[in-house]
Every structure is written in structure tokens, then in C-alpha cells.
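Shown next, in C-alpha cells, is the structure this report addresses.
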Amino acid sequence: METDSEPYVRLASLRQLHQAMAAMNTARSLADTLQTVADGVVDALGYELACVNLVRPDNNLVVAAFSGNAAAEALITGRVGSRESWERRLSMGEAWGDLIFIPHTEGWVLDDDDVPQWYTDGPAPRFEDEWHPSDRLFAPMHAPAPQGGGACGELIGVLSVDRPRNGRLPGAWGREALQMYAFQAAIAISNARLRSNMQRALVRLEREQQALRASEESFRQAFEYAPSGMAVAELGGDQHGRILRTNDALCRLLGRPASAMRRYSFSDLVHPEDIGTLLRTSAEGGRAELRLARRDGTYLWVSLRNSVVADAADGPRFLLTHVEDIEERKRRELHLAHRASHDSLTGLPNSAELRARLSARLCRQRPQGALPAAVADSLAAFESFEPFDSQDAAHGPPAFDRGHDFDFPPEAGTFEGYDHHVHAIAPDEDRDDGAKGLAVLFCDLDGFKSINDRFGHNAGDAVLIEVARRLSDAVRDGDTVARLGGDEFVILANGLGRADAQDLAVRLRNEIIQPIRAEGRAVRVGASFGIGWAHCGMTADEVLKSADERMYVEKRSRPKQHRRAG
């Protein structure tokens, strides 16, 4: 193109320019695009040297591509010029449209700035329009302007060119061609940057997807092959708690196939008494111990630990549940609790358990209205007693005891402000008004010491075991039979009138006096019963002492020979 005269331009020159623009728009990478831009200035526009200065993220400009001189390319490629120095260059000299021309008469002031530059050797110009070796020509490249954003966008780089091959300053056509080329180069570079960013984003996305797939596979293997039960359940909504997925360990634990498990939610499988615990755990996450139903109808104690699986965009989505079999540990705990609250010889509730059950039925407040005379006398007799410490009641009766029918919470020992408490009131001693109360029958065996003395403690233990069995068989399912200690037993029977309690004492005595096999021989013991009545305002110790005193009154009132049979 350098041989073309103004205004005549050869078709071949236009074809070269078109090919250069096509090449820079089809380059495969940003680096290739920058080099193609520099090469196009030399090949199509007819300049001896061309340099692409690209704006970096820190706003300074780096020499990103060079063409026309290998020595100069090695010298300045990669070097950086400050934005301040470049702004000074672009604000001085002559404006040729969008181009900036700084003649050698002014350019000497730029010799010491930090912009990378070179000089083309050659003689001084002889003609007015001849190119001087120190002349400088710059073509700023601006990003395409957004719609409605003005003539051009932000500066993305500067094309520096040196010495046209014809040795003359570019004319109108040459200036227009360089300006148009810079405009197209800016578009090509912006597109190359966009493609590069997209490629990096795609690579990053692919890596993230690979990591996600690896994480999902790791989770799947950990979930499927975990030695303890695992489940994924719905969180929130109408399907809250519905089981979506289970592993083999959980299916084996509950004896249910995976297809059947997906028809349930955990609330369908949990023991009715543990539903509140499950709901609290599901809502808050954390750990709970509860019972889950097996396929055969039995219940299994498990430790259930929930974790909320959250989604960064949508919030909590699933509930990851870890289920561990704790049946053996629970069995040991229940066994230890049973041993702590029951007599080791007879298996009956012991003294502490008896007091706990009795305290659970009594509050500190006396019932309103007049009390029966016998009750008032008992209260007066025990005014000086210290109240029984109801902390024993905190242990509570174990659920497996067939004799327990008191559903009051252990902490309600005082029952102050407890809305559903029904005051325990003793029936009237002087008249049969049909009132019923909580009868406390204190039983002391007659003649037991002589059996121990004559036949040994093994025989005595056999007698105590048999007496405990007979008493338990003779009372109702809701009554409590406890061994207070030695040969003393206590029966708690709720809902009895005075006549009912006396009939029960007679029936129990008749059961006890039957012959008992002990150490290969038949022995007999008798029994003395004292009937006390539990009512609010008394402590458990006061109630037991009242029944104990009545038992001794009954024992002393009977001739010694009638205290036991045979």
C-alpha cells in the first residue's frame, strides 16, 4: 500500500487490508489476536514496525505484541509504561482524526519517560512530507461503546507505528485506513478477551463439575457403605420427614426393604411416646435417642442424629439422618435403673422407688374443706416431722414395671400450680360416704424370724420370694407391691374405700398364710396389716409411718397364737 498514491488506491491494497482484518477476527486466542493485529499493520498498512500496547488491570500499558523487527521485539515486549505517561502522549501533538501524531520537533520531551520505545535509524528528512526517525504516530483503541454510551468506550490499548515504507507521512487515505484498522482491532481484541474469559470460565466450571461429581461419588459410597444406618429425608413443606433414600445398613436394622422405606416418614416409624422428641430433633437438628419400629412390630432403640443439608441459593433442603443401634446399651441402662429401684431378692420396687411413687401422688397443698377426723389426727401427730426430700422422686418409676400406673411427671412432686392434679383424700372413718382414696397397706410377716433361726437364711429368702409373688398376683395390675426392707412389704392401692381396703388386707393375709415350700419343707408365716391413707399435705414418710403405726396396733390387738397359722 505504501506505493499507492492519493487518491488512487489499488484493489490489491484493499484486499490486503480486508485479509488482515479477517485474520485478526479469526485468531484462536487473545495472544494470537494481538500478534495478528501487529502483523497486519506491517503487512497490510505498509509500516516497518508496529507495537500493540495493551491496558492491564492496574491501568498501566504493557507491550503485548510487536512486529517488523526481531531485535526490537526482544527488547521491549513485556515491558510496561505507566498510564500517566501514556495520557501525556495522547494529549499532545497533532490530532489526525482519532490518531495522534507527535513530530520530532516535539517528541524530544518524551525521551526520558517510562514508555517502552525504539528508534529507526535513517537520515534526516529532505522534504516537508518525509518521515523523520523521531516522529511518533499512535492509534488509540477503544472498546465498542455500549448502546447509548457515546462515540467510544474505555481505552483498551494503543497501536504504535513507525516509518511508512514509502518514507512519507501518511496521507488522508493512509490515516483513514490506520484509524479504521485500530477500530476493528479494538473489536477483535475485546472479542478475544471475551472468548478467553469464557474459556477460563468453562474450564473452571468443568473443574468444579468434576469436583462436584467426585464429591457426589464420595458421598454416595460413604452413604451406601456406611456401617450404621443413613437416610435422606424431606425438610419442610407437606412432605416434611418423608424418607427419600436409605442405605443397606438402615434397611437391615429395621428389617424393611428400601422400596418400602420410601413409603414412610420417620414419624410413621417412631414409637408414639417418642414423637415429640423426633419433632424437636427434626426442626432443630442435633441428636436424640428414641425407638423405631421394625417390620416384625418390635421397637429398636436408636441414636438418631440429624444434619440439615443446605443449598446456598434456596436455603435448607434436606435432612441427612444418621441412625445408630443402641439397643444393647439401652438394655444395660434399663437393667441398671431397674436394679437401682428394685429389690434384688424379690424383684419388687424397693424403698426409694416406693417413696418416689407415693410422692408423685401427693402435693404440699392440703385439699379444701374439712378433713376426716382420722386424717386430722394423723396430720397433728406428724407436724414435727421434717418434710421428705422429694428428690428421690426424680428417678421416676421405670416404664417396664407392671405395677406402675402413675402417669404424673416426677418433677410434679409438689404439684403446686399443676392444673391436672387430683387431690388425694382419705375416706371418712365414721361413715361410709362412698369416698375412695389411695390406700397404703403396711404388711409385716409374723413368725418369719423363727424360720430364719431354725432353717437358715436360704429358707428365709425362699419365703420372702414366695410372699412377694403371692402379693403381686393378688393385687390389681395398677397397684404397687414394694419391699420396704427385711420382712416388711407395702401395697399402694388407689381408688379404694375403707371396706375395700379391709377386704384386700384379709385376702392378702389369707394368701400369705398358705404353706410355703422352703429348703424341702413346708413352712407357714402369718401377716399383720396396717391400713393408712395418703392425702395431699402429707409427705411419703408421714403416710408410711401412719400405716406402720396402725400395723403395730393391729398386731398387738391379736393374740400371739393367732398371728400365724400352722
Side-chain angles (χ1 to χ4, degrees), residues 1-2 4 6-7 9 13-14 16-18 20-25 33-34 36-56 59-67 81-107 110 113 115-117 129 131-132 135-164 168-193:
M1 187 183 294
E2 67 277 5
D4 298 336
E6 302 284 358
V9 180
S13 299
L14 293 176
Q16 283 182 321
L17 183 60
H18 173 73
M21 291 182 179
M24 68 184 178
N25 281 294
T33 300
L34 295 172
T36 304
V37 169
D39 293 341
V41 173
V42 174
D43 297 338
L45 296 181
Y47 291 92
E48 291 185 359
L49 299 176
C51 175
V52 179
N53 302 275
L54 194 65
V55 177
R56 301 194 313 179
N59 232 19
N60 295 322
L61 280 75
V62 62
V63 178
F66 194 94
S67 183
S82 66
R83 182 64 177 262
E84 180 182 1
S85 297
W86 272 106
E87 293 287 357
R88 184 172 57 172
R89 286 174 179 245
L90 298 178
S91 63
M92 62 184 294
E94 302 175 18
W96 292 353
D98 291 336
L99 305 180
I100 301 296
F101 175 70
I102 303 177
H104 64 280
T105 55
E106 300 179 16
L110 305 175
D113 68 9
V115 174
Q117 54 192 346
D129 64 344
W131 182 273
H132 189 279
D135 287 340
R136 296 176 173 87
L137 181 58
F138 303 116
M141 297 181 293
H142 294 272
Q147 292 183 350
C152 60
E154 63 176 345
L155 182 73
I156 65 171
V158 179
L159 278 176
S160 300
V161 300
D162 188 30
R163 191 172 179 79
R168 296 180 180 276
L169 296 175
W173 159 248
R175 299 174 188 178
E176 184 70 23
L178 179 59
Q179 182 173 308
M180 180 175 60
Y181 187 84
F183 177 76
Q184 294 297 325
I187 295 175
I189 292 173
S190 297
N191 290 339
R193 275 181 167 173

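Side chains of V158 and M141 form no contact here, defined as non-hydrogen atoms less than 4.5 Å apart. Side-chain contact between R56 and L61 is absent, with no heavy atoms from C-beta onward closer than 4.5 Å. Residues V63 and V52 are not in side-chain contact: their nearest non-hydrogen atoms beyond the backbone lie 4.5 Å or more apart. With a 4.5 Å cut-off on side-chain heavy atoms, Y47 and L178 count as touching.
Looking only at atom types and distance, the side chain of D39 has a donor-acceptor partner in the side chain of S67 under 3.5 Å away.
Closest non-hydrogen pair, Y181 versus V37, comes out as OH-O, 2.9 Å. Taking every heavy atom of both residues into account, R83 and V55 meet most closely at NH1-CG1, 4.0 Å. What you find for L34 and A64 is that their closest heavy atoms are CD1-CB, 3.7 Å. Nearest heavy atom pair, residue A182 against residue P140, reads CB-O, 4.0 Å. In this structure, W131 and L169 approach most closely via the heavy-atom pair CE3-CD2, 3.4 Å. Shortest non-hydrogen contact noted between H142 and A186 is O-CB, 3.1 Å.
L159 CG to I189 CD1: the interatomic distance, rounded to the nearest 0.5 Å, is 7.0 Å.
Side-chain N or O atoms of E48 include none that pairs as donor or acceptor with a backbone N or O of P164 at under 3.5 Å. With hydrogens and angles disregarded, a donor-acceptor distance shorter than 3.5 Å links the side chain of S91 to the backbone of E87.
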- Step by step, would you call S82 with S85 a side-chain hydrogen bond (donor to acceptor under 3.5 Å, both in side chains)? CA-CA 5 Å; S82 66; S85 297; 3.0 Å; yes
- Task: For the pair R136 and D162, evaluate salt bridge (Lys or Arg N to Asp or Glu O under 4.0 Å) and give the outcome as yes or no after the intermediate values.
- Result: CA-CA 7 Å; R136 296 176 173 87; D162 188 30; over 6 Å; no
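Using a 4.0 Å cut-off between charged nitrogen and carboxylate oxygen, E84 and R88 do not count as a salt-bridge pair. For D135 and R163, the salt-bridge test fails: no basic side-chain N is under 4.0 Å from an acidic carboxylate O.
Taking the six-membered ring where the residue is Trp, F101 and W96 present parallel rings, their angle staying beneath 30° rather than reaching 60°.
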